[in-house]
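First comes the structure, then the notes that go with it.
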Amino acid sequence: MEQKRIAIYGKGGIGKSSTASNVAAACADEGYKVMIIGCDPKSDSSITLLGGKRIPTILDLLRQKIDVKEEDIVFDGYKGVKCVEVGGPEPGIGCAGRGIIVAIQRLKKVCKSIDDMDLIIYDVPGDIVCGGFVAPIRKGLVNEAYILTSGEYMPLYAANNICKGLAKIDTPLSGIICNSRSVTREEEIVRKFSEEIGSKLMAFIPKEQIVQDCERDGFSVLEKAPDSSVAGVYRELAHAIMSNDSSVLPSSLEDERLRELTR
Amino acid sequence: MAEKDISIIHPRPSSIVAALYTLRDLNVDVAILHGPPGCSFKHARLLEEDGIHVVTTALDENGFVFGGREELSTLLGKVNEMFNPKLIGIVGTCVSMIIGEELSEPVKDANLDVPVICVEVHAGYPNNTKGVLIALESACDAGVITDEELERQKVLLKEATNVEKRHGAASKEYLVPSRGDLKYKVAEKIINYLKEGKKCLTIMNAKKETGYMFADITVAINEVAEQLGVSDNVINMANVDDTLGLPRVRHHAISIMNDFREKGIEIHEIIGGMDEYPVTGEKVSELIAEKYSDFDFAVITGVPHAIPMDNLQNMDVISVTNGPRQVHPLKDMGHSNVIVEIDLHPKTLGVSNIVESEFGATMREVVKDMQKTEEA
Ligand SMILES: Nc1ncnc2c1ncn2[C@@H]1O[C@H](COP(=O)(O)OP(=O)(O)O)[C@@H](O)[C@H]1O
Ligand code: SF4
Ligand SMILES: [Mg+2]
């Protein structure tokens with residue numbers, strides 16, 4: 001099969017990292033070779049795949065002027081999921097965007113196993129504040145983009161903006177994922193939004209306390225609560241992503257229409 | 001100000017470089033570039049010839065990502081030991097400014113007993129005079145120059161920018177560089193004019209240290225006139241007022257005047273200080289209207305495009321510039337000949353005497369040859 005290299009975009013705090021790691025775990029359960037690359041300076045993408053432990057980031061090592069090798073930056077997590085964290089400079093100092101670019105170039109150079117993967121998930125920060133934050137896409141590392149949103153106005157607003165951005169850099173959108181915040185008519189709102197921008201709704205993930213409980217203990221839902229209903233939802237989403245073969249250059253909605261949708 | 005906003009596509013000196021030269025005029029002993037190792041290399045080298053030390057924090061890829069606070073404070077300590085400076089300047093670059101480096105923090109970290117001027121500048125300003133302005137403002141903040149001097153300089157900078165926009169390097173979207181007219185042809189023309197008893201105005205309107213070479217053209221014309229016995233037909237103007245400008249600039253005026261005096265050359269009209277080249281035009285125009293309107297030809301050196309043509313219409317105007325891109329704009333202004341002193345600037349760094357110009361040397365040779373053929 002062709003390697004899938006996806007990135008999940010969406011407003012900060014909407015659940016990108018937790019969705020990414022749960023999908024990674026679900027795919028690993030299915031026997032896929034999966035890598036997750038955390039591109040957020042917060043470095044919190046892989047922590048629930050590593051039993052709550054933090055790994056050294058690429059930029060941590062580059063800062064120490066270490067000639068990094070694959071084994072210094074790629075760590076095996078739950079069921080062999082390969083975990084990488086880009087890291088970043090201290091908040092407020094230097095340039096995180098440039099950091100992502102440099103780290104990804106280095107990763108590409110030293111990481112041989114990257115080619116063997118079935119699925120690579122780039123977990124990107126919510127706010128695309130400069131060119132560095134879209135480097136995974138711009139440098140051709142990502143071939144499918146997903147957007148995560150709830151049915152609230154602000155996350156949808158952000159999602160809509162991301163659609164504009166993707167269209168501008170000629171990157172097709174493979175689907176919308178709804179991560180619920182328990183607002184009324186949520187699934188309907190997000191489904192409508194997905195259709196109107198020319199895409200499709202991939203999954204509706206309910207808001208469940210267990211997601212946060214597992215996270216607090218340092219695990220994915222798939223590992224800690226495999227029998228929960230939300231684990232089932234992640235499994236379905238994982239399946240939908242792995243079998244998805246359609247994508248579109250998204251259009252975007254007028255703000256007026258967006259407000260109407262969420263009213 | 002700008003009548004037109006054009007997008008100029010020929011490369012030109014950056015604001016970073018302009019800031020470096022300004023720091024030199026403020027007599028800093030060391031200038032530190034906070035940025036990539038190759039930034040402004042050529043001018044940094046030239047400035048070393050002028051007696052100041054230029055060093056760089058040499059930010060690498062890591063520096064771009066993590067910042068260079070430590071690199072800068074360490075370098076401050078190092079240059080303090082190596083050069084024992086009385087005044088230090090730090091100059092920002094695109095890289096350090098884009099990533100938001102704070103220049104004053106490393107200065108505090110280094111905790112030296114030496115005043116430091118921090119110039120937060122990058123190369124992205126369309127007019128490089130912006131680099132001069134930022135450097136001067138920072139110098140004023142550091143107490144190195146007075147508010148009055150800052151205000152004076154601001155006026156000059158604004159005019160300098162306007163001069164470039166009117167007839168200079170910022171006058172067209174693209175200016176083809178040119179080597180100008182053949183020096184010996186123009187030398188012959190000037191000598192013949194003098195022989196014919198025509199009246200000559202020399203106008204030296206030089207930018208700072210470039211005066212060390214442009215002054216030589218004034219000297220050469222006077223020497224030739226003397227040999228031809230027509231000294232009285234030459235009137236000299238020059239911007240060599242030694243009471244104006246930053247310390248180093250005044251020093252240039254003093255040195256050049258000394259040389260003029262030693263060579264027995266009288267400057268009949270002092271038209272301003274050596275940093276006043278953008279504003280001398282009006283004075284020159286007035287002087288011509290008052291006293292010299294019957295002159296036959298003028299030789300303008302330095303920044304010729306700052307001298308308006310209004311009162312020069314009846315004269316044959318010959319100009320000498322050091323900017324190859326200045327040739328076409330000067331011809332467009334109506335100058336009949338334009339001479340380029342190629343690579344003039346490097347030869348005027350680190351000197352305190354008039355240095356021979358190619359055009360001056362050519363005139364001296366041509367007059368000899370012409371006299372020889374006449375004798376024969
Ligand atoms: N479906 C969900 N149910 C409950 N909590 C969730 C769900 N999805 C995410 N969360 C919680 O929301 C918080 C923010 O999620 P995170 O993945 O860090 O967001 P992002 O990566 O988009 O900034 C986390 O504490 C996470 O556990
Ligand atoms: S881009 Fe800016 S920082 Fe880089 S070398 Fe040029 S002037 Fe210097
Ligand atoms: Mg995240």
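What you see is a predicted model; the values in this text were computed from it and never measured.
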In Å and rounded to the nearest 0.5 Å, what is the CG to CZ distance from A:L59 to B:F66?
-> 4.5 Å

Determine which residues belonging to residues 29-62 of chain B lie within contact range of chain A, meaning some heavy atom pair is under 4.5 Å apart, and list them by number or answer 'none'.
-> B:D60, B:E61, B:N62

A:K4 atom NZ, neighbour heavy-atom count above 12 within 6.0 Å = yes

Might you confirm whether atom CD of A:Q105 has over 12 heavy atoms from other residues, nucleotides or ligands at distances under 6.0 Å?
-> yes

Tabulate, in ascending numerical order, the residues of residues 75-106 of chain B having at least one heavy atom closer than 4.5 Å to a heavy atom of chain A, or enter 'none'.
-> B:I99

Tell me, for A:I100 versus chain B, whether the close heavy atoms (under 4.5 Å) come from the side chain, the backbone, both or neither.
-> neither

Should we say atom OH of A:Y157 is surrounded by more than 12 heavy atoms from elsewhere, each under 6.0 Å from it?
-> no

Which of residues 63-79 of chain A have a heavy atom under 4.5 Å from any heavy atom of chain B?
-> A:R63, A:K65

Spacing of A:I101 atom CD1 and B:F64 atom CZ [to the nearest 0.5 Å] | 11.5 Å

Residues of residues 89-96 of chain A with any heavy atom under 4.5 Å of a heavy atom in chain B | A:P89, A:I93, A:G94, A:C95

